[in-house]
Amino acid sequence: MSTEAAAERWQQVAAALRYHNHRYYVLDDPEISDAAYDRLLTELRELETDFPQLRSASSPSQRVGDAPRADFAKVQHRIPMTSLGNAFDEAELRRWQQRVLRLAGDLPLSWVVEPKIDGLAVSIRYEDGTLSLGATRGNGRVGEEITPNLRTVRDVPLHIPVAPLPAGQPRPAVLEARGEVYMRVADFERLNAQQAAHDEKVFANPRNAAAGSLRLLDSRITAQRPLSFFAYGVGEVEGTTLPGQWETLQYLAQLGFPISADARHFHDFEAAVDYAKSWMAQRETLDYEVDGVVFKVNAFATQEALGVAGREPRWALAWKFPASEAITTLLDISVNVGRTGVINPNALLAPVEIGGVIVSNATLHNEDYIRDRDLRIGDEVIVKRAGDVIPKVLAPLPELRDGSERSWQMPSHCPSCGEPISRLAGEANHYCTNAACPAQLVRQVEHFVSRGAMNIEGFGSKLAARFVEEGLLHDVADIYALTFEQLSALEGFGETSASNLLREIELSKARGMVPLLTALGIRFVGSTVAALLADGYPSLEALLAAPPDALEAIHGIGPVSAKSLTEWASHESNQRLIQKLAAAGLAMQHERQAARDGQPFAGLTFVLTGTLPTLTRRDAQAWIEARGGKVVGSVSSKTDYLVAGESAGSKLTKAQKLSIPILSEEALLALNA
Ligand code: IVH
């Protein structure tokens with residue numbers, strides 16, 4: 001290939017890669033497959049190997065980082081990168097608006113509302129369309145030069161196009177884009193898992209992970225970190241004039257920068273406030289962390305008139321969400337025994353307020369979680385409380401250690417029963433495997449009686465612990481053996497409360513199969529799975545006898561729950577428990593929709609034999625049961641119908657002897673008509 005031909009082909013392939021890069025990373029709407037993209041990239045790399053003069057820093061092949069540097073150079077921001085003033089409630093936001101109204105006078109006034117994504121502010125400079133300089137905000141006047149690092153961020157354009165641009169807007173000779181480098185929550189979690197697996201530093205939150213990844217002297221490592229970027233404004237611009245913030249965002253998008261899809265422009269301030277509020281409500285559902293919304297006055301002329309006070313512009317304000325993180329002391333680590341025997345380490349914290357709630361406990365998940373973060377008792381730690389979930393300890397602040405902090409070790413024995421605890425290969429959790437462990441029983445009883453399960457009114461955690469401690473309960477079935485004498489003899493337990501509780505226990509017997517199956521607390525069998533299972537097998541007895549592949553054939557049931565259930569059912573102790581519950585008079589059947597709608601086969605017993613022409617044995621059974629009929633295994637005088645197919649054997653002979661009606665598949669299906 002001639003040098004000219006190579007250069008021409010390079011231009012073509014590079015343009016295609018830029019286009020598809022933008023579709024993939026910025027617009028999130030790829031047009032070609034990953035494989036097709038990789039082929040283009042390989043071709044570009046090969047061209048650059050054969051013709052090294054084609055390679056440049058802004059080539060799409062250069063997202064891989066540069067050789068490590070000794071230090072970051074300093075960059076002076078010609079236009080300072082200011083910070084933002086904060087409002088922590090609506091009243092503060094409204095005071096800000098009043099001041100803006102007063103100061104703006106007759107100047108045009110409208111509002112842009114943008115999410116405040118939690119990351120690291122950067123400036124990216126383009127000269128004649130090529131990325132020439134990247135820097136952190138630093139102190140606002142002087143930042144650190146991180147050009148090679150920023151080039152590795154996939155949605156930062158390396159190049160801005162000459163065309164297509166809106167009419168009358170040439171590509172600027174100089175353009176400084178400003179925005180935030182951040183990490184998506186899913187990317188952050190994947191990165192942390194990977195870091196932990198390699199015994200590398202685990203990051204406290206997406207913000208720290210983004211900052212730590214971007215400010216690496218070795219940009220080849222930055223290239224491997226899943227960083228994202230969004231542009232929220234401009235610094236220096238030469239060769240183009242823009243009227244305001246909203247127009248700037250659209251213009252940046254035209255140039256190929258990612259902008260927030262959630263930015264909005266309002267002429268009415270009340271509408272802007274409503275929008276911001278709707279944003280706060282969906283905070284937890286986003287795949288990136290936002291710590292507030294930013295209100296900006298749109299017109300640049302008005303912005304200029306309002307000016308800057310200290311380091312904060314008067315024309316913008318961040319309305320911060322209630323904090324979700326705080327720093328406090330890790331006083332101690334205790335362990336709890338869960339329902340399945342799982343041992344959960346739990347953090348005891350110096351009480352701290354997070355978003356209006358006092359937090360003094362937080363989960364630490366398991367031993368690895370503590371070890372990966374090198375959490376020590378006495379550490380100052382970052383704690384997060386988001387939504388309704390249990391607070392968790394994110395990370396220690398090792399720079400605040402004074403040497404008195406102590407490492408923690410998983411105890412070797414169960415804190416409840418004293419038996420040794422163990423960790424199975426491939427499992428992150430430790431377990432107490434003693435089936436008679438009282439702590440496990442307390443958790444099982446708590447779960448059994450809880451609202452989503454058997455829903456026994458007035459039976460809470462305290463009673464569960466007390467009854468186990470008093471030796472009244474050895475398994476959950478013992479709940480139904482509690483007597484008036486036993487209860488009324490307990491200190492502080494009057495006759496009224498005893499009879500009330502016994503009445504509630506009695507009532508729960510009729511709850512039926514789905515609550516009971518949920519109450520058993522089988523792993524991966526919650527109320528939703530229980531309902532699906534009961535639709536397939538409307539009797540608990542039949543369900544527990546079913547093989548895993550029969551369970552998997554039920555719509556919505558996967559191999560994990562199927563296996564877990566059959567495994568549970570295979571234990572003799574569990575079988576005894578079910579017998580005990582049945583003997584106590586608990587309803588073990590599932591009343592299905594069809595049953596209530598007329599039940600054509602109610603009270604009828606069927607036996608299936610031989611190979612039916614179209615239905616499998618399982619389908620025929622389901623079809624009969626869906627109509628209220630029962631299918632049993634052997635023929636007796638109580639059998640109403642024998643359904644016989646090809647090569648039927650002894651069951652057919654027996655049915656004939658007992659004069660039981662014999663149906664073909666066709667006759668069976670016609671019975672329903
Ligand atoms: S505007 C005067 N817009 O928040 C304009 N900042 O607390 C200054 N940030 O340093 C920035 N999202 O790192 C702006 N939509 C957004 C933002 C945003 C996040 C960050 C940015 C800034 C900090 C100020």
Side-chain angles (χ1 to χ4, degrees), residues 75 77-88 92-93 96 100 111-124 134-144 146 150 153 155-156 176-184 205-212 214-215 227-237 242 244-253 257-266 272 275-276 279-280 283 286 288-300 302-321 323 325:
V75 174
H77 299 299
R78 286 198 230 163
I79 300 176
M81 292 182 76
T82 53
S83 157
L84 283 173
N86 291 321
F88 292 97
E92 281 184 81
L93 176 75
W96 170 77
V100 169
W111 316 90
V112 175
V113 180
E114 302 167 13
K116 186 170 186 304
I117 298 186
D118 214 2
L120 194 77
V122 296
S123 145
I124 313 175
T136 62
R137 188 173 88 97
N139 64 9
R141 304 200 153 269
V142 179
E144 286 172 330
I146 51 163
L150 275 171
V153 178
D155 51 10
V156 167
E176 183 195 347
R178 291 179 174 181
E180 199 89 347
V181 169
Y182 66 102
M183 201 176 280
R184 291 177 187 278
N205 51 35
R207 206 206 88 81
N208 289 6
L214 191 61
R215 292 187 58 261
L227 293 169
S228 299
F229 172 71
F230 84 103
Y232 54 63
V234 291
E236 259 194 293
V237 182
L242 291 158
Q245 172 65 13
W246 184 247
E247 294 75 13
T248 300
L249 290 177
Q250 310 314 314
Y251 181 63
L252 286 167
F257 290 93
I259 60 160
S260 168
D262 300 298
R264 295 282 184 283
H265 185 200
F266 296 94
Y275 180 66
W279 247 85
M280 300 209 172
R283 175 184 193 186
L286 303 168
Y288 46 86
E289 292 206 330
V290 271
D291 56 349
V293 285
V294 187
F295 279 68
K296 295 175 183 174
V297 166
N298 188 52
F300 286 154
T302 314
Q303 287 187 6
E304 234 159 82
L306 289 164
V308 178
R311 290 156 46 106
E312 295 167 3
R314 291 195 193 88
W315 50 266
L317 187 76
W319 185 9
K320 299 286 280 266
F321 294 146
E325 289 180 17

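Order of listing sets the numbers, starting from 1, for every ligand and every atom in it.
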Should K296 be listed as contacting ligand 1, given a heavy-atom distance under 4.0 Å as the test?
-> yes
Among non-hydrogen protein atoms, atom 19 (C) of ligand 1 lies closest to I117 O, 3.3 Å
Could you tell me whether L120 approaches ligand 1 through its side chain, its backbone, both or neither, with non-hydrogen atoms closer than 4.0 Å?
-> neither
Should the pair R207-E289 be classified as a salt bridge under the 4.0 Å nitrogen-to-oxygen rule?
-> no
Evaluate side chain to side chain donor-acceptor pair (under 3.5 Å) for S123 paired with E176, printing each intermediate quantity in order.
-> CA-CA 6 Å; S123 145; E176 183 195 347; 2.8 Å; yes
Go through ligand 1 atom by atom and flag the ones less than 4.0 Å from a non-hydrogen atom of P115.
-> 12 (N), 15 (N)
Among all protein heavy atoms, pick the one closest to atom 8 (C) of ligand 1 and tell me residue, atom and distance.
-> T82 O, 3.7 Å
Quick one: closest heavy-atom pair of D118 and Y182, and the distance?
-> O-CB, 4.0 Å
Which heavy atom in V290 sits nearest to a heavy atom in P115, and how many Å separate them?
-> CG1-CB, 3.9 Å
Please confirm whether V294 comes within less than 3.5 Å of ligand 1 when only nitrogen or oxygen atoms on both sides are compared.
-> no
Taking the non-hydrogen atoms of A318, is any one of them nearer than 4.0 angstrom to ligand 1?
-> no
Heavy atoms of other groups near E304 CD, more than 12 under 6.0 Å | no
Residue part near ligand 1, for A316, under 4.0 Å between non-hydrogen atoms | neither
Is it the side chain (CB and beyond), the backbone, both or neither of R178 that lies under 4.0 Å from ligand 1, heavy atoms counted?
-> neither
Region of Y182 engaging ligand 1 - heavy atom pairs below 4.0 Å | neither
For L227 and A210, work out which heavy atoms get closest and say how close.
-> CD2-CA, 3.7 Å
Are E114 and Q245 close enough, and set up right, to give a side chain to side chain donor-acceptor pair (under 3.5 Å), and what steps lead you there?
-> CA-CA 11 Å; E114 302 167 13; Q245 172 65 13; 2.6 Å; yes
Considering the heavy atoms of F230, write down every atom of ligand 1 situated less than 4.0 Å from one of them.
-> 12 (N)
When distances are taken from atom 18 (C) of ligand 1, the protein heavy atom at minimum range is Y232 CE2, 3.5 Å
Quick one: does E92's side chain get under 4.5 Å of L317's, heavy atoms only?
-> no
Based purely on interatomic distance, does W315 place a nitrogen or oxygen under 3.5 Å from a nitrogen or oxygen of ligand 1?
-> no
Distance-only polar pair, side chains of N205 and E325, donor-acceptor under 3.5 Å = yes
Give the residue and atom name of whichever protein heavy atom lies nearest to atom 20 (C) of ligand 1, and the separation in Å to one decimal.
-> E180 OE1, 3.4 Å
Below 3.5 angstrom, do we get any N/O pair linking E114 and ligand 1?
-> yes
Do the side chain of H77 and the main chain of T136 share a donor and acceptor less than 3.5 angstrom apart?
-> yes
Heteroatom proximity flag, K116 to ligand 1, N/O under 3.5 Å = yes
